[in-house]
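Proteins come first, then strands; the chains are lettered A, B, ... in the order of their sequence lines, and each starts at number 1. Any value given below was found using the heavy atoms of this structure, including those in side chains, with hydrogens, waters and symmetry copies removed.
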Amino acid sequence: MGPCTGNEVCTSLNRLFLLILIMEIMYSNRKIILNREWFEIDKFTIRFLKYLTEAKIRFAVISGYVAISLGRSRHTEDVDIFVEKVPFQQFKYFWDAATLEFECINAANADDAYHGYLLNNTAIRFSDKGRYIPNVEFKFAKTDLDFYSLENAIDLILNDNLIKISPVELQIAFKAFLGSEKDFEDAAYMYEILKEKLDLELIRSFMIKLKISKSAIKRIGIPI
Amino acid sequence: MKIDLKELKKDQKANAKARLEFVRMYAKWIRKTPNKVWSKTLAKFHDGQI
């Protein structure tokens, strides 16, 4: 291919070439591109996220689904997402559209969901109608780390579908903070899969803020 | 019945270590295997639960 001369297409191409090939996952700082067979939970997640996008509500998918989407072999019953706190009318717009396809398992209506659950820092859950699992665990961002996830969310492009996910560096550190065996395994998996492209200093800074022990960091496989 | 909690704790620790080792080995396999291959296997694994 000939040299690019600065037009928009060439800039995009140059950017594409800057992406690093890790297995068959293309990863730059802000974007993971992955083409693979569909899992049912991918389709469920993408169907649900469409309603948030249509309501112009920012979100970040976190935790197990992210590891699973990258190939981790474990089951999950829910997809965890942080959502920006929006005015009730905007939430109601989302609710009215989403509940045509999904049902909220624990809240009776939009008012109950917003005022009774979300504003009290309690998650609401959505599943396909008549099914409890899988479900989306939906909560408003509350802590500084939640807001960091939203503001610094990266793009996971799965089979040409955009899924906003929390930065992997934060997810690894937070998994270590949560501390169950499953969490350590998720953290070790995501680190091993993407280690060449992760910002180690960023992981370490989160680890310090979360007061993660050196032995825990070592267990994940991160050099101290 | 006599339960040796010390011994169980030791086994629990060894089991966790072995599982983490497996996860790392598995990640290495994923990295060197075409997406189409590993994801086909995983689709069966995941979708079998739903």
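Among the residues in residues 2-22 of chain B, those with a non-hydrogen atom closer than 4.5 angstrom to a non-hydrogen atom of chain A are B:Ala16, B:Arg19, B:Leu20. The contact list for residues 209-224 of chain A toward chain B, using heavy atoms and a distance under 4.5 Å, reads A:Arg219, A:Ile220, A:Gly221 by residue number.
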Give the C-alpha distance, both sets of side-chain angles, the deciding distance and a yes or no for side chain to side chain contact (heavy atoms under 4.5 Å, CB included) between A:Phe140 and A:Ile124. CA-CA 10 Å; A:Phe140 280 160; A:Ile124 53 175; over 6 Å; no
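Using bins of under 30°, 30° to 60° and over 60° for the plane-to-plane angle, the ring pair A:Phe138/A:Phe91 lands in the perpendicular bin. Using cut-offs of 30° and 60° for the angle between ring planes, the A:His75 and B:Phe45 rings count as parallel.
Partner of A:Leu158 under the side chain to side chain contact (heavy atoms under 4.5 Å, CB included) criterion, out of A:Ile33, A:Ile163, A:Asn35, A:Thr45: A:Ile163 alone.
Between the side chain of A:Arg30 and the main chain of A:Asn152, a donor-acceptor pair closer than 3.5 Å is present. Under a 3.5 Å cut-off, the side chain of B:Ser39 and the backbone N or O of A:Arg36 do not form any donor-acceptor pair.
Rounding to the nearest 0.5 angstrom, the gap separating the OG atom in A:Ser166 from the CZ atom in A:Phe82 is 7.5 Å. Taken from OG1 in A:Thr122 to CG in A:Asn106, the straight-line distance is 9.0 Å, to the nearest 0.5 Å. With rounding to the nearest 0.5 Å, the separation of CD1 in A:Ile57 from CG in A:Leu49 is 11.5 Å.
A:Arg47 forms no cation-pi arrangement with A:Tyr51, by the criterion of a distance under 6.0 Å to the ring centre and an angle within 45° of the ring axis.
For chain B, the nearby part of A:Glu181 is the side chain; its heavy atoms alone come within less than 4.5 Å. In this structure, chain B has no heavy atom under 4.5 Å from any part of A:Asp42.
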